[in-house]
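Take a look at the structure below.
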Amino acid sequence: MKLSVLRNPAVLISILLMFLVACGSDSTTPTKAEPAAKPAAKTSSAAPTAKPKAADKAPVVQDNRTDKSLHVVITPMPQDTYLPWKASQSGHLVFRPIIENPATIKPETGVSKIYPQLFTSWEISADGQDYSFQIREGVRFHDDQWGEFTVDDFIYNVDSSTQEGSLTGCAASYKAFMGADSATQMKANGDLKVTDDYNFTMHLARPQVDLLSWWMNVLMVPCAQSFSSAQFAAEGESMYETGPSGTGAYQFTSRVLNEYAEMERVPYDHWRVNPDFKTLKISTVPEEATRLAMLLAGEADLADLSKAIHDSATEKGMVVFESPLPAVGLTILPLGQYQVSKVNYNPDAEPWTQTGETGRLVREAMNRAIDRAPIVNNLFKGRGVPMYNTTFHQTLEGWNDRWEEEFEAKYGYDPELAKKLLDQAGYPGDSNGNNRFKIEVRQSSLPGLPEVIEVAQTVMQSLQAVGIDAYIKETEFGKALEEFRDRHDAHYLLPVRQTIRPLAANMRIYYYTGPIDAEKGRPTRGVLYMESPIADRVYEQMLSETDMDIRHKISQELGDYIYDEYQTIPVVNIKATIVGNPDVVEDYSFGGVTGVFFNMENIKAAR
């Protein structure tokens, strides 16, 4: 199979539907790779019935174990909790080394190729509603008394992540496609049928072609984890504080919230990988200067540092480890565009949220007011490449070359034009062209992109320069997440880390409204709610559409709308980075999944 095909998610969906069996393993040592090429030519194919399954090849596990310890210091997570369902994607960083998922990706191929992990194979029907799954046999939990990972554990973990009050981002969508409030209820309804401990089927309430490329993948790590259901039955929630038993290559030893999590390599041959380092400690350290000082003093071995201070580390002999492919980006979101649901919609006080010409002019002016070059060159030290359309990328379906070709003409820095556009929109301000309208700029940080703190200041100053009364409000990202996802009530500019994900997944996160929950009085199936009727129509069609030409056409239609309406302020795509001590770490190839560091079990120790 040609690499160009494997790098094209659109073609990949066709492949999965023709023969949706994942063969291979996640144990191959990753190698450095160049950025993915543009997608291969599209093919048009309705999905035929899935063919018989093929056996997953047993991984060849390398053994380079040492007695060394590894200490990683990171930006604080948005939630620091013992309970996995109370943490979002970024809050799962400390859980990742001790758990696994049904499917995964690799750093060198990014989101373009799916690999099996806890599942060895799967099949999907032509209509996208019937799945059959085979679980890998012999995957043991850390504590022998809890046995192996089976269907019961899959069901428990789905139930856990979708329960009331969950912050995982899984609940609404899972409940919609399961047609039930839990996997247990789905089983009781007869739509989840267990053949034996390692085989089961699911009949979905609606088509959903992205279960293994998203909802059961490491890309959406909280939704289908690998904690022991038997341990939970015996110990309840206390297990997560005293020692949760997972299936990962590291096992829990201790945890102090808002300080650190400590793990140790499992004392047996892991089925997938034997980590080089005997122990792993992940500490959350708010001050970047402190993280740098700890690295230079030998108190930490890897540190999450903004690119602006990389030189301060490399001048002292440290090295920068970089993801093989662009993994994260910086975009700025004008929140409050609740144009479909109308829930908490305030267009009169928030002109950037208005529909029609007025809103478009205001959003174009905000784009024109921001000089992207200093952000890329100074804050990111020239390591980034321009982002031309939020959530879209040259390697994903729906890409339109005109977005790049027209970007300077439509989005280029021009503060004088920005002022004229605001005048034209009906916001001339006072006699000096100031006080046109107020807008809050949120300042918060996330692991994997500490630069957003500085970006917020730059955005505020840029908007002030064209007469917009912009001001900073510092907040924890978890608080902002509660406002835009859980309350549908966010009314500010949010510089945020954008992860390069399968396109349909980002459509739901950024643009989908979905139905109004009658009990809660607001939408519940999206995340950021940059709403538009076209986004709802396209996303819902993408859930079941398998014709590659149609998928490309409709997703490009949404991309054109976002681009031409200036719905967001795209800035830069970058490779994720972490800085390390070469005397301790020889190599770390990672994908920056959801902007945080994963597959830490594959970090190579210096010899």
Side-chain angles (χ1 to χ4, degrees), residues 1-9 11-12 24-40 59 62 64 72 74 93 96-97 101 103-115 117 213 217-219 221 272-273 275-276 302-305 307 310 314 318-330 376 380-387 392-396 399 447-449 451 497-503 505-506 572-580 582 585-606:
M1 190 173 294
K2 291 183 179 180
L3 189 60
S4 60
V5 173
L6 292 178
R7 289 183 185 274
N8 186 345
V11 177
L12 180 62
S25 76
D26 190 42
S27 63
T28 305
T29 302
T31 58
K32 299 292 183 182
E34 294 301 316
K38 291 186 178 182
Q62 303 296 320
N64 294 304
V72 184
I74 63 168
L93 194 153
R96 290 173 184 263
N101 294 96
T104 190
I105 65 169
K106 291 183 181 179
E108 64 269 27
T109 50
V111 301
S112 65
K113 189 175 180 183
I114 305 165
Y115 294 88
Q117 200 167 79
S213 64
N217 197 290
V218 69
L219 292 163
V221 66
R272 180 171 54 85
V273 59
D276 283 18
L302 287 168
D304 182 18
L305 301 175
K307 292 166 183 60
H310 280 184
T314 57
M318 301 297 110
V319 296
V320 176
F321 296 102
E322 191 173 63
S323 62
L325 301 175
V328 296
L330 168 68
V376 175
F380 292 98
K381 291 296 182 181
R383 287 180 178 268
V385 294
M387 179 192 296
F392 289 80
H393 190 264
Q394 291 92 329
T395 60
L396 301 178
W399 178 257
L449 199 68
E451 291 86 355
R497 184 192 66 212
Q498 180 225 293
T499 305
I500 298 175
R501 301 181 177 98
L503 187 57
N506 265 341
V572 63
N573 283 317
I574 59 170
K575 294 182 178 182
T577 59
I578 192 167
V579 184
V585 178
E586 178 181 301
D587 191 28
Y588 179 23
S589 183
F590 59 98
V593 176
T594 64
V596 298
F597 312 105
F598 83 125
N599 70 317
M600 288 189 180
E601 62 272 19
N602 288 325
I603 298 173
K604 301 302 177 186

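Along the sequence shown, residues are numbered consecutively beginning with 1. As the structure is a prediction and not an experimental result, all values here were calculated from the model.
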### Query
Do Asn101 and Asn217 have side chains that get closer than 4.5 Å, going by heavy atoms?
no

### Message
Is the shortest side-chain heavy-atom distance between Glu451 and Leu330 below 4.5 Å?
### Response
no

### Query
When rounded to the nearest 0.5 angstrom, what is the spacing between CG in Asn599 and CD1 in Ile105?
9.0 Å

### Message
Can you confirm whether Leu396 sits close enough to Ile500 that some side-chain heavy atom of one is under 4.5 Å from a side-chain heavy atom of the other?
### Response
yes

### Task
State, with a plain yes or no, whether a side-chain heavy atom of Arg383 is found less than 4.5 Å away from one of Val320.
yes

### Message
Rounded to the nearest 0.5 Å, what separates atom CH2 in Trp399 from atom CG in Leu503?
### Response
11.5 Å

### Message
For Gln117 and Arg272: C-alpha separation, side-chain torsions, deciding distance, then whether side-chain contact (heavy atoms from CB on, under 4.5 Å) applies.
### Response
CA-CA 9 Å; Gln117 200 167 79; Arg272 180 171 54 85; 3.8 Å; yes

### Results of ring pair (Phe, Tyr, Trp, His ring centres under 6.0 Å) for Phe392 - residues two or more places apart only
Trp403

#### Entry: Main-chain N/O of Val385 paired to Asn573 side chain as donor or acceptor, under 3.5 Å
no

## Note on the structure
For Ile578 and Asp304, the nearest pair of non-hydrogen atoms, with its separation, is CG1-N, 4.1 Å

### Task
Drop me the distance from Asn602's CG to Tyr588's OH, to the nearest 0.5 angstrom.
8.5 Å

### Task
Of all the heavy-atom pairs spanning Leu305 and His310, show the shortest one and how long it is.
O-NE2, 3.2 Å

### Task
Find out whether Val221 and Phe598 are in side-chain contact, i.e. whether some heavy atom of one side chain is under 4.5 Å from a heavy atom of the other.
no

### Query
Are the side chains of Leu302 and Ile603 in touch, meaning some heavy atoms are under 4.5 Å apart?
yes

### Query
What is the distance from atom OG of Ser323 to atom CD of Glu108, rounded to the nearest 0.5 Å?
11.5 Å

### Query
Rounded to the nearest 0.5 Å, what separation is found between the NZ atom of Lys307 and the NZ atom of Lys381?
12.0 Å

### Query
Would you call Val218 and Arg96 a side-chain contact if the rule is heavy atoms closer than 4.5 Å?
yes

### Query
What are the two closest heavy atoms between Ser589 and Pro324, and how far apart are they?
OG-CG, 3.5 Å

### Message
If I compare all heavy atoms of Ser213 with all of Pro502, which pair ends up nearest, and what's the gap?
### Response
O-CG, 3.8 Å

#### Entry: Separation between CG of Leu219 and OG1 of Thr104, rounded to the nearest 0.5 Å
7.5 Å

